[in-house]
K.L.:
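Below you will find the structure I want to go over with you.
In this text the structure is predicted, and so the values were computed from the model without any measurement.
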Amino acid sequence: MSSPTEIGVAIYRAVQDCNQAIRFFRANQNTYKIDTANIELVGFSAGAVTALHSVFWDQSEVPTAIPTALLGNLNAGTNQSQSHKVRAVYAAAGGIGDPSWLSPKQTDVYLYHNNTDPVVPYGSGNFGVFPFFGSSIVKTTLDGFGSMPTSLLNPGVASMH
């Protein structure tokens with residue numbers, strides 16, 4: 001079984017990769033014919049966790065148990081002059097390690113999550129042994145900021161905001 005630190009490191013590494021990929025595509029927008037104003041992240045389960053953390057997690061919020069001195073910062077890699085910010089995130093069965101990491105950003109957030117999800121909690125609970133806050137907590141927190149569109153489709157309840 002994975003420890004909270006191992007899960008935290010896995011999320012951290014995934015966010016580093018995600019941020020690097022976004023910066024790569026921005027730096028190579030002409031080659032790949034990318035409209036950099038419309039880059040969006042889409043993920044399911046671990047991918048949704050990565051996408052939400054990429055948008056909302058700041059370096060200052062990383063738990064001290066994650067060995068950042070060995071791993072580098074969240075934006076390690078090349079193309080440092082490029083932003084990793086995205087227009088929208090679509091997260092299916094995802095969540096975040098701490099709702100205090102959420103903040104009013106200029107990113108649309110679309111959440112899809114079944115309230116009976118046996119792996120990633122819809123509300124609060126554990127993701128393995130890692131304390132975790134699922135889509136319903138993310139939506140409630142983001143709605144409290146009132147600064148961006150936030151939608152949650154819960155197939156178990158069939159509600160949309």
Side-chain angles (χ1 to χ4, degrees), residues 1-26 34 38-68 70-79 82-103 105 107-143 148-157 159-160:
M1 178 179 287
S2 298
S3 73
T5 299
E6 290 171 321
I7 293 170
V9 167
I11 294 169
Y12 191 87
R13 284 300 215 186
V15 170
Q16 284 179 314
D17 289 348
C18 180
N19 292 350
Q20 172 63 25
I22 295 165
R23 290 194 316 271
F24 171 84
F25 283 113
R26 283 189 190 284
I34 293 172
N38 288 306
I39 296 174
E40 300 175 349
L41 293 176
V42 179
F44 175 76
S45 196
V49 170
T50 300
L52 288 168
H53 281 80
S54 175
V55 169
F56 292 105
W57 209 9
D58 292 324
Q59 191 69 47
S60 64
E61 298 165 330
V62 175
T64 57
I66 296 174
T68 58
L70 295 173
L71 302 175
N73 70 36
L74 285 171
N75 292 305
T78 58
N79 302 307
Q82 302 297 320
S83 170
H84 72 275
K85 301 303 178 195
V86 296
R87 182 176 151 258
V89 61
Y90 299 84
I96 197 152
D98 188 328
S100 72
W101 299 340
L102 298 168
S103 61
K105 306 253 181 183
T107 303
D108 296 346
V109 178
Y110 301 93
L111 305 161
Y112 309 89
H113 207 143
N114 190 304
N115 65 347
T116 60
D117 189 324
V119 178
V120 179
Y122 175 72
S124 61
N126 289 322
F127 182 48
V129 296
F130 192 74
F132 212 71
F133 301 87
S135 298
S136 69
I137 303 294
V138 171
K139 181 187 181 337
T140 300
T141 303
L142 293 176
D143 283 351
M148 71 191 97
T150 307
S151 296
L152 172 60
L153 174 60
N154 176 351
V157 180
S159 66
M160 183 77 163

K.L.:
For residues A93 and F44, report the shortest heavy-atom separation together with the two atoms involved.
P.N.:
CB-CE1, 4.0 Å
K.L.:
Does any non-hydrogen side-chain atom of P131 lie less than 4.5 Å from one of N126?
P.N.:
yes
K.L.:
Over 60° means perpendicular and under 30° means parallel, so classify the ring planes of Y90 and Y110, tilted if in between.
P.N.:
parallel
K.L.:
Kindly compute the distance separating CG (N19) from CG (L41), expressed to the nearest 0.5 Å.
P.N.:
8.5 Å
K.L.:
Output the distance between atom OG (S54) and atom NZ (K85), rounded to the nearest 0.5 Å.
P.N.:
7.5 Å
K.L.:
Would a 4.5 Å heavy-atom cut-off, applied to side chains only, mark D17 and T50 as touching?
P.N.:
no
K.L.:
Shortest non-hydrogen contact from H113 to S135?
P.N.:
ND1-OG, 2.7 Å
K.L.:
When rounded to the nearest 0.5 angstrom, what distance separates CG in N114 from OH in Y122?
P.N.:
9.0 Å
K.L.:
So does L74 get a backbone contact from the side chain of Q59, meaning a donor-acceptor N/O pair under 3.5 Å?
P.N.:
yes
K.L.:
Please confirm whether the backbone N or O of G97 pairs with a side-chain atom of H53, one donor and one acceptor, at under 3.5 Å?
P.N.:
yes
K.L.:
Evaluate side-chain contact (heavy atoms from CB on, under 4.5 Å) for I11 paired with W57, printing each intermediate quantity in order.
P.N.:
CA-CA 11 Å; I11 294 169; W57 209 9; 3.8 Å; yes
K.L.:
Run I137 and L102 through side-chain contact (heavy atoms from CB on, under 4.5 Å) and show every step you take.
P.N.:
CA-CA 10 Å; I137 303 294; L102 298 168; 5.8 Å; no
K.L.:
Ignoring hydrogens, what is the shortest heavy-atom contact between A88 and T107? Give both atom names and the distance.
P.N.:
CA-CG2, 3.8 Å
K.L.:
Can you list the steps and then say if S45 with V120 is a side-chain contact (heavy atoms from CB on, under 4.5 Å)?
P.N.:
CA-CA 7 Å; S45 196; V120 179; 3.9 Å; yes
K.L.:
Say you draw a straight line from CG of L71 to OH of Y12; how long is it, rounded to the nearest 0.5 Å?
P.N.:
6.0 Å
K.L.:
As a quick check of understanding, evaluate side-chain contact (heavy atoms from CB on, under 4.5 Å) for F132 and V49, giving each step before the final call.
P.N.:
CA-CA 10 Å; F132 212 71; V49 170; 3.5 Å; yes
K.L.:
For residues Q16 and N73, report the shortest heavy-atom separation together with the two atoms involved.
P.N.:
NE2-O, 2.8 Å
K.L.:
Measure the spacing between OG1 of T141 and CD1 of I96 and express it to the nearest 0.5 Å.
P.N.:
9.0 Å
K.L.:
Quick check for you: to the nearest 0.5 Å, what is the distance between S83 atom OG and N75 atom CG?
P.N.:
8.5 Å
K.L.:
What residue among Q20, H84, R26 forms side-chain contact (heavy atoms from CB on, under 4.5 Å) with N79?
P.N.:
Q20
K.L.:
Under 3.5 Å, which donor-acceptor pairs link side chains of residues 61-68 to any protein atom two or more places apart or in another chain?
P.N.:
residue: E61; atom: OE1; partner: D58; partner atom: N; Å: 2.9

